[in-house]
Every structure is written in structure tokens, then in C-alpha cells.
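Step one of this worksheet: look at the structure below.
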Amino acid sequence: MPVMNVRQAINETLHQEMERDENVIVLGEDVSGGAGTPSGEREAIGGIWGTTGGLLPKFGEKRVIDTPITESAIIGAAAGASLVGKRAVAELMFADFIGVCMDQLFNQIAKFRYMFGGKAKCPVVVRLIYGAGMNSAAQHSQALYNMLTAVPGLKVVTPTNAADAKGLLTTAIRDDDPVMFFEHKALYTKKCEVPEGEYLVPFGEAQLLRQGDDVSVVAIGRMAYFAEKAVDALAEQGIGCDLIEPRTLSPLDEDSIIDSVEKTGRLVVVDESPPRCSIASDLAGIVAGKAFSSLKAPIEMVTAPHTPIPFARELERAYLPGPDKISAAISKAAGYR
Amino acid sequence: MPVMNVRQAINETLHQEMERDENVIVLGEDVSGGAGTPSGEREAIGGIWGTTGGLLPKFGEKRVIDTPITESAIIGAAAGASLVGKRAVAELMFADFIGVCMDQLFNQIAKFRYMFGGKAKCPVVVRLIYGAGMNSAAQHSQALYNMLTAVPGLKVVTPTNAADAKGLLTTAIRDDDPVMFFEHKALYTKKCEVPEGEYLVPFGEAQLLRQGDDVSVVAIGRMAYFAEKAVDALAEQGIGCDLIEPRTLSPLDEDSIIDSVEKTGRLVVVDESPPRCSIASDLAGIVAGKAFSSLKAPIEMVTAPHTPIPFARELERAYLPGPDKISAAISKAAGYR
Amino acid sequence: MEKQDLLRVYRSMKTIREFEERLHLEIQTGEIAGFTHLYSGQEASAVGVCDALSKDDYIVSTHRGHGHCIAKGCDVKGMMLEIYGRAGGLCKGKGGSMHIADFDVGMMGANAIVGGGPPLAVGAAIAAGIDGNGNVAVAFGGDGSSNQGTVFEAMNLAVVLKAPALFVFENNGYGEHTGDEYAVGAESIQARSAAFGMLSLAADGNDFFDVYEKTAQALEHARAGRGPVSLELQTQRYFGHFEGDPQKYRAAGEVEKARQEDDCLLRFRARVTGDGSLTEAELDAVDAEVLALIDEAVAEARQAPAPTPDDVLTDVYVSY
Amino acid sequence: MEKQDLLRVYRSMKTIREFEERLHLEIQTGEIAGFTHLYSGQEASAVGVCDALSKDDYIVSTHRGHGHCIAKGCDVKGMMLEIYGRAGGLCKGKGGSMHIADFDVGMMGANAIVGGGPPLAVGAAIAAGIDGNGNVAVAFGGDGSSNQGTVFEAMNLAVVLKAPALFVFENNGYGEHTGDEYAVGAESIQARSAAFGMLSLAADGNDFFDVYEKTAQALEHARAGRGPVSLELQTQRYFGHFEGDPQKYRAAGEVEKARQEDDCLLRFRARVTGDGSLTEAELDAVDAEVLALIDEAVAEARQAPAPTPDDVLTDVYVSY
Ligand SMILES: Cc1ncc(C[n+]2csc(CCOP(=O)(O)OP(=O)(O)O)c2C)c(N)n1
Ligand SMILES: Cc1ncc(C[n+]2csc(CCOP(=O)(O)OP(=O)(O)O)c2C)c(N)n1
Ligand SMILES: [Mg+2]
Ligand SMILES: [Mg+2]
């Protein structure tokens, strides 16, 4: 299998799906770049994250649409096109920009099918580039998947490696429901083997990254990598962990998490967001309700603090949950009597 | 003490605070009404909820500002004015409209102080009218306090009676931080005694509506009334509950909740929102972490289902958590061995 | 226009009128839940625009959507059932008055968020442009909505992409309790739209023929690939913003005068009987037909079964 | 203008230029984290506007904010420390390049959300209007930002309320990698603003004097209570959108030509020496002063202490 990084996997998937289905269209700011500029170079960038490169030359301006800076209209247009037969893949350059198009996400796209009594379908994919780790400060670093997971009608996906990026994006584009596809900016260069050709990863199936009997660790997005480090280090000290990475937050693979907790009796959740109404607390709440009788220790949440995201390197490092904090939480859970 | 309803209490508070402090201003759609209309009647409505009546005649057009339909500009203008010395009280006619001004709420207002290293203060109050129960369907009925509680930098307040409405709104207006003030539309006509003159209720202090040793029930907003019914009925059957209504979701009176759970060992949380990343799961997560050793039963969450809000009477009734569902959850928690 | 066309137009306008006047009465019985915004008075706008469209063209509507729905061909009984919150309603009772949609006739949904619709219309227009099928997408909106950021964005994006979209601004003078004179800072909505770089027209929204002709002109422009068009229609609403509105913003006698002197149905009738296209008797026959239909619709809606509690949980996702 | 005024203006423009040119180099060392958007080339815009303001007037800036900050009077060393993420920075290292603010000099903050600022400026203008203190609030924005809904809303609200706001659109031809020719559907930003119902001006953004005079005209209008003003400035940026931008959208030789033929500093110098207001030597002395200041600022920033981890938790609320 070829080895590629997340960026390349996403790019390849967009190429494959646009080739396969002429109803797939891509739109966003600078997905191609160069429109209306003096160079005459029509693909001036191919997406600032490099994920949409080569699409315009291959599929043309009708299907690869550069837009002004106009997120409400981008998401609304993607939705409108998808309501009448297209499968639009819209890019939000930074997930933080949901603020300027939130209505289209949570009042429109999410609710069409229900409000219209099941008669509409809106197979739109919104790609949201998210996460801290690049010192982009408070308005360009947030992990806002909790806000969209809270919204009935949306599906929420958080791939962490290149193979999943491909498999989940393929599934997202073919899915008949709206999908919020979160790509962590600090994971774009992560490489792994990626199946060739058509490859789908189903929604609602978590992956088990490590196996162990002492503590269940659930980690979202980039946190899975930090958790891996912590888990591996603790394994050497004789503490064995299940490490679960949900892959999709909505639908959620509750069963895998609950089964694991029924085995270990201890749960640590790791989430890059601040704690309140987070995925961390969401999972804690589910487990405290559905696997209570198995629990042998307090549920440990490892999250960012209840603060905006700071700029300076030293501050952002302190802000983010890292392997040390995760390790401490696991040890605490494992040691609780 | 005079008896008044929530609507009147809010109106009285706005009058009192505008009188006391000339920096307090009010703005929003139709907070007065009548601007640019042929009747010449300048106060044509006084807010569609009747909460801002009489302000324009008393304080004039400079301080009581009718706006076009332009929520981003309303919230942004409130924020900008408050950054330079005003205390703006902005009305969002329906909380559901946060979608069209979310950036101003969570990327701007919430983060100024932090991003600017503590040099800014933005004492803005946003009044959000929320909640189901009036068959206003999917886009006019939501309880979205979870999305804003998730945001560091904001305070979130959910009064349930007229006295608290007055006391908390006074505190909100005088508070130097941005406050999201959620008013439940179905509670506007609830009456009680309200202290005269200046009256402040501090943030972060829950109220204990009922006392009992068997189960701790925490209920948000209107759910507190439904929970009261359930708790009172169960009291007759010999099940005693602490019924806690947090009053403010951020800051949260964790101590009261944890103390109660340490006594009862059982927790039921009741929330009008859908379950994922809700206040219900937030509280469950906190308790599963901090009061685990006291817990004797699974935490029960009583919430709306993971669906948008339906229109028809029969559907909305089935959608909302009611006394029956709450009662069943309490019984289940109480009966767990 | 042929006789049958004129009759169809009249029937459509009259159906809207009677639907709304009847709802105004029925709402007072307390049987109908939720918010209802009536369209009475504006019929020539909806029908003037929609009669110029083909079935395959799209419309996106607003909170005040009944007129647009009927004009675009939604089933009147299905609408009534929906407004009554019945299981057999066009949206199974889940949407209600503010969320009626019928994709089979190109009606992409009423929308309770002011400014929520125009971006969607641009999307449908983009899709039509890709498919090159000549379809046009119409975004209805009010004077009040014209100040919402999403509407401005939709207009600019449509211009940039030369999308075949038509932005119809029905200016009934009020956004809730506030006048357009106040809320629209521009000289006019038409002038502001023009400055966005698109063909911008205006018509007398109470004159079916004027609306129809301007719409036809707009459609020709859009279908030819020359980009979006804006159309401002001056019109009037006869009832309050919502049912129960004290309407203190009205001039004395304003509505009575409009009903007598500038009513779109009366004006239509006068013109088509005046020039001999139709007779009073022919029009009266339509009136009777329409009244019977509305009677039936209300009677059926009243007795129709409500949805069951289990229905709450369906139609959230295609699959989950 | 008096000699001392011209020297102040030149010093301000030159400080911006050297600040940015130096950052461009320092960024390549890897010492500076995050996104940095440089202002080189646009100095006459920031300084032309801000020099016409009083200290009590407000400005709201953008992601490309260094120039506005310096022009409004922010401490240059404090800025440099901030960009280096130091504890002593203007925002304690919490904001960084995209979030510099200094309320003491009326600088209400850079803003990393395109279109985030203009509504805030309207709010500050409303406050000034209430207090009747004659202050004006300026919203800086780019050509790209002019298409954002929040900006349109801010303009309309300012017109409706006759708020003393000034919307400055610095048109440098690009929003990231896309041309204004494409993204702005209107004939011009100026024309579109005018249609919102406000006085709408334009100036040569590379000519300090033109910018200054048009700003003065705008301020007179706004301070007199005659409502907001829009001002479009044609200008150019010398570096990429962000540092690292491959700039494939540029015409060959575009920047070199601009630097040689249309540079605002060279034009200023030519004019003031040409008419005898200042001598080359006087200007050279300013250059030396500025270079020394920037050297010092960088040297200090490099050595300054970083914030401590505990600082993460402070400054979220006034009290909680
Ligand atoms: C985003 C948003 N803001 C406010 C409202 C409340 N609201 C509903 S209709 C309306 C007035 C709309 O005015 P206009 O666009 O002129 O339409 P009309 O009611 O006159 O048909 C308002 C303010 C809303 N539904 N959505
Ligand atoms: C809401 C939002 N959308 C997109 C971006 C990404 N972005 C940052 S700057 C920029 C271009 C802005 O162009 P312009 O307004 O012309 O300013 P310039 O960069 O030319 O100074 C974009 C798209 C953003 N920061 N915020
Ligand atoms: Mg109107
Ligand atoms: Mg630009």
C-alpha cells in the first residue's frame, strides 16, 4: 500500500470522488486561488492547506468554485446545491469560522430533513480545519466539534490518520446526510499506509489503538497521539490501557466505549476543547449513566482549561493536554481504590 | 413585597438600571418599534415580549436603540460600545438567532479580555429568549445555553422566576464580564414576590427548591417547574429529593451539586436540550469525576431526544422532558441497588 | 395572456387570499398552534413571480410563506394539514406554518430565519448553472430581510459566479413593527442591489401584470447566463406581522384604504373584465370554487389525525 | 502641514516599513510563532487615516494590523514583544500578531476574523454619538473583507443610526490568493458603499496626502453628525498574504515595479523635498532613528522573558 500523509489522502479522495460522481462539487475560499488576479495562473494555491490542489485543472471552474470571503453564502450555497441533487464539499479554512455561518450549519442544514417531514436530503460535506498547536491564537485554533455534535441532524467526523481520512471522507461524500468533517491542522503531515482505490470507513465504528485491562482511555483527534505516548509509557510500568479513538463523534460508537469500561472499570477521556459541555463531558455522562455498575474509579477528564487559546509557544503548550497530563490522569484512575 | 411576573420584573430592572447608570443602553429589533412608520407612534411595541416597554419614552432614542434585522451588527455594536465605556443590553428576540451572530458572541466578546492580555473589559449583556413549549418549531424553540456555556469568557444565566430575573439581571448589568442572559419564553407569565428597589442575586449560587435525602435532582430553566411536580409527587410516596436549580450555568455552583450528591448518592439531571454535549452531560461528567465515591446509582439524564424540535402540539409534548419522564428517572435512581 | 392563463392566475391569487383570510379566523379559535404570518394583500407578488416560472425552477421562501407555496403549486390541503399540525401535512406536522416545503414542485422551503433562504437559492442556482438546464432559483425576502448580512453575501456571491438567481424583495413597508424607511439605510432596496453589480428591477407588487412582466425580463436575463437579478416589489400586508400584533405602527385607515383602492385582486378583476378578457361571472365561479376548496381543506384538517409521539424520532437522518 | 507634522508622519510610515521588513527577515529565523501578515507597502493608508484622527478617536483593525497599531500610537517595543510572544508584550503574549490592542491610544484591537471588526467600530461610534464627544470610530478592512455579511450589516446599521463611523477599505488587490476583480462583484467598493446611503470617497492609498485629505473630509462629515463615511484606498502589499505565500497570483515584476514607482515612502520623500518642506538630511535622520528603534525592539524582544504557564489561566474574566 502506498504511504501518504493526511493532506495527500484528502486530496486523493477528492479527486477520486469527483471523478466517480459528477455531482460532487467543491467550493470555498482559495480552493483553487488565482481568480481575478494579474498572473493569469488559475490555480494559484489549491487550498491554503494544499488539500484541493489539481482539482480545478481537472474538473473545471464549474465544479471547483472559488468564492469571496463569505462563509454564510458558502455554506448556504453548498446546502442549496445539495438539496437539489449535488454533493457539495465546502471548505471552512479554519473551523473557528463557524461563527460567521453557524445559522446555515445548525438551523438550516441540520434541520431540513426533519422540518420538511423527511422529504429533503442534504448530502453536504463541510470540511473544517481545526485545532491548536500552531500558535494561531484564540480565533484560529479551536476544536469546536462539541458545538456541532450537540446538533441533531449533523454527523461529525474527526479522522486522525491518512487511511481514515480517505475512508471517512469517501463515506462522508457518499453519505446522504450532512457531515461535518474535522481535519486537525497539526495532523496533516502524519503519514501511514493508505489503501488504494475505493476505500470506505463506516461511521460509528471506533478504533482500538491499544489494548489493556486496567484503564479505558478515549482520546479525540490529535489527542489520540498524545494518549498513545502516555499509554505506551505506562504499559512499561505495567498499567495496561484500552486506547479508543472514536473516529466519528456523531454517530458515536458507544458500545466500544462501554464494553471497554465494563472490562476495565476505569475511564479517562482526553479532549482538546475546554471542559464545559465538551465531548469529554459528553462521554463521561454517557458512561456514568450506562456503565455505572462497572465503574471502579472517578471518571477522569483531561481537557484544555476553561480559557481561550493563548498565542505564545509556552502558553499554548501549557494550555494543551499533553502526554504528561494524560499519563497522570491514567495513573490516578488506575491507582484509585 | 409586590407580586409580579418575569416579564414585568425584567422590565422593571431595565428601568431601574437605566435610571441608575446613564451608561446602560438597550438595543435590538423592535425594542421600541415604530421607527420609520406612518403612525407616528414611536413606541409601537416595546419589545415583542413586552420586556422593553416604556424605555424609549423615558430614556430617549439615543439610549434605546431600534435596529434593522441585523444580529451580527447588533451584537457587535453592543460589544463595541461596551468596550469603550457603555453597558449595552442587547436583545436577541429568539435565542435561535445566535446562528447569525455567533462569531460576535464566541470569537469576539468572549475572547477580548484574554486576547488583549486583560486590558479590555466588555460588560455587555445579551438577552436571549429561548425554549420550547409554544409550538414555534425547530428554528424558534431551542435551548442553546450549552453552546455558550462551552465558551470560556462568557457567563451564562438562566433565571426561572421573577425575583431571580430581577436579581440576576441587575447583577448581569453591573457585571464587568459579558453575560448571556437566557429568558424562557414559557416562563414570562410566572409570578412571585419580588423585592422592591435595588436587588442583586449573585452569580454562581444555586437555589435549593426542595430538600430530601434520597436523590439529587438538578433541573435547568423551565425544567425546574416540571421537576418540582415530579419531586412533590414522589415525596408523597416517600422518596425525598434535593431539587437544585443552578440559576447560573457559568459560573456554576458545583459545590451545591456535589454536596447534595455526597448526601444522596444519586443524581438526576433534567435539561430541555438534546443530550449530546448538553448541560445534562456536563453536570453528569463533573459529578462522575468529583463525587464518584458517593455515587450509589447510575446518573440519570432526562433530556430532549437527539432530534430537532417538532411543530405539532402532540409532537412537541412528546419531545419535551415532562414530569412523567422526570419522575420515572428519579424512581429509577432511587430504586437502584 | 390566454384566457385559461388568466383564470389560473386569478385562481392562484384568490386561493392565497381565501386561505389566509380563513386562517385569520381559524387562528382565533385557538385550534392552530405556533406562529403564523399571513400573506393577504401580497398575492400579486407571489403569483406574478411564480406564474412566470416553470415547475423546474426553484423558490426559497420566508416565515411569510403560504403565498409562495400556493403560487408555486404546493397542495393546498397538504398545507392546511401542516398548519394544523396533522400527520398528513406536507411535512408530517413537524414543520408547521414556517417550514412548509415541497421539492416536487420546486418549493425548497419556507424559512423562519430572516435571511436564511437567499444563500440556499444561490446554491440551487449554482447547481442549475452546472447542469446547464436553464433553471432559475428565486429567493423571496422582505424589506426587513434586505438588511441581513446573509442576504448581501448571497447577492455578491451570485454576481461573482453569475448564478441564475432572482432576489425578490417584497417591500410591504414593515419588518415586524419597524418601517423600511428607517431600517433600509439606502435610497431604495433596488438601488442598493444594483450597486452589487446586478440587473435590478422594480415593480408595482400589487399589479400582477407588472410583476409578471418584470419577472419574465429577469428570467430571460438569468437564463441567458447573464447573472442574477434583483426585483423590488412595493406591496402591502393586510394583517399584523403575526397574528395578535397590535399594529400601532399603522396610519389610521391604512389597511382599509389599501383593501379598497389598491387590492391586487380587485385590480386584476377590473383589468381583465375591463378589457373583456374575462367576465365577472367567470371570476365569480372561480371564487366559489376556491371558497369550497378552502372550506374542505379546513374541515379535513380539523378532523385529520395528529402525528403520534413516535414520529418525533424519525426523519432526523437518512441513516444513523 | 507644519514641518514637525511632516516629520511625525514620515517617522510613522517609516517605522511601519522597517518594523515589517525586519519581521519578514526575523520570521525566517523561526523564532516568531504563528501567522504574521505584513503591512509593507500600505503605510500611507494607515498613517494617512490615523494622522487625521485624534487620540480619542477609535480604530478597529484586521489580521494585517501592525501598520494600524503603529499609526495609532501603540508602543513599538510592546508590539514587538507581543509578536515574539513575550510576557511583557502589549497583550502579555496571549494575543500575538493578530490580536494587538491598546485601549489607551484608542486602538480597539486587531481581529483575526475577516469582517469581525466593523460591527465593533459601529458600537464605539454609537457610544461616541451618545456622549456627544465628537469622536469617530474607524473600521479598517481589506478588499476581501468588503464582501463579508458582517461588514454590510455594519454599514447599514451605521447609516440607520447616523453613527460617526468611518469604513476604510484598503484595496491591495487581493484577498489571500484571489483578486478583488473577481471577489467584489460590484463596479467598485466605493460605489457599493455609496449605495448603502453614505458619503463614499476614494483616494490613492499610496499617497499620504490624498488619504489624509479625504479622511479629514470624512471626519468633518461624521463629526458634524451627518452619518458614516466609506473610504476606498487603492494600495499594494509588498509581501505575500502570510509569510510563506508562494504568490503565484502576482504578475511578473509586479512588486518590484510598485516598490520602485509607487512606493508611498518614496513618493512622500519626493514631494516634501521637492517643495522644500523637508531636506533629505532631515529624512535620513529619521531613517536612522527608526532603524535604531527597530533594532532595539528586536534585541529586547529576543531576550525578554516568556510568559509562565500559570498565565494561561488569568485574564479570562474580570471576576468569576
Ligand atoms: C435572523 C432573524 N431575526 C429576526 C427574526 C424575527 N422576525 C421574523 S419576521 C421579521 C420581520 C421580517 O420583515 P420582512 O423581511 O420585511 O418580512 P415581512 O414580515 O414583512 O414579510 C423578524 C424581525 C427572525 N425570524 N430571524
Ligand atoms: C471569517 C474569515 N474568513 C476567512 C479568513 C481567512 N483570511 C484571513 S485574511 C483573508 C484575506 C483578507 O483579504 P482582505 O480583506 O483583502 O485583506 P488583506 O489580507 O488583503 O489585507 C482571509 C480569507 C478569516 N480570517 N476570517
Ligand atoms: Mg416587510
Ligand atoms: Mg486585500
## Note on the structure
Under 4.5 Å to a heavy atom of chain B? For A:M147 that would be both
### Residue part contacting chain B, namely of A:P275, when any heavy atom lies under 4.5 Å
backbone
### Part of A:K296 within contact of chain B (heavy atom distance under 4.5 Å)
backbone
### Query
Which answer fits A:Q104, side chain, backbone, both or neither, if we ask what part of it has an atom under 4.5 Å from a heavy atom of chain B?
neither
### Short side-chain donor-acceptor distance under 3.5 Å, A:S256 and A:D253
yes
### Task
Could you grab the distance from atom CG of B:L320 to atom CG of B:L315, nearest 0.5 Å is fine?
11.5 Å
### Ring centers of A:F97, A:H140 separated by less than 6.0 Å
yes
### Message
Let's test your reading of the structure: which of B:Q108, B:R113, B:Q142, B:M115 forms the most heavy-atom pairs below 4.5 Å with chain A?
### Response
B:Q142
### Short side-chain to backbone donor-acceptor contact, A:R266 and A:A297, under 3.5 Å
no
### Message
As an exercise, state the distance from CD1 of A:I129 to CD of A:E91, rounded to the nearest 0.5 Å.
### Response
4.5 Å
### Summary
Under 4.5 Å to a heavy atom of chain B? For A:Y336 that would be side chain
## Note on the structure
The interface call for A:S293 against chain B, heavy-atom contacts under 4.5 Å, is both
### Task
Pick one of side chain, backbone, both or neither for A:S72, based on which atoms fall under 4.5 Å of a heavy atom in chain B.
neither
### chain B contact via A:L144 - side chain, backbone, both or neither, heavy atoms under 4.5 Å
side chain
### Message
Tell me which of these, B:L267, B:V100, B:I98, B:L283, has more heavy-atom pairs under 4.5 Å with chain A than the rest.
### Response
B:V100
### Message
By the definition salt bridge (Lys or Arg N to Asp or Glu O under 4.0 Å), identify the one residue from A:K121, A:K155, A:K111 that meets it with A:D177.
### Response
A:K155
#### Entry: Proximity of A:Y130 and A:Y145 rings by center, below 6.0 Å
yes
### chain A contact via B:Q139 - side chain, backbone, both or neither, heavy atoms under 4.5 Å
both
### Task
Could you tell me which of B:G289, B:C101, B:A291, B:S273 has the largest number of non-hydrogen atom pairs under 4.5 Å with chain A?
B:G289
### Task
Pick one of side chain, backbone, both or neither for A:S278, based on which atoms fall under 4.5 Å of a heavy atom in chain B.
backbone
#### Entry: chain A interface, residue from B:A284, B:P274, B:P298 that has the most non-hydrogen pairs under 4.5 Å
B:P298
### Task
Heavy-atom pairs under 4.5 Å with chain A are the metric here; pick the option from B:T307, B:L249, B:I309, B:L252 that has the most.
B:T307
### Task
Measure B:V269 against the heavy atoms of chain A and call it side chain, backbone, both or neither at under 4.5 Å.
neither
### Task
Under 4.5 Å, counting heavy-atom pairs only, tell me which of B:S250, B:P305, B:A288, B:A110 racks up the most with chain A.
B:A288
#### Entry: Toward chain B, the part of A:A137 with a non-hydrogen atom under 4.5 Å
neither
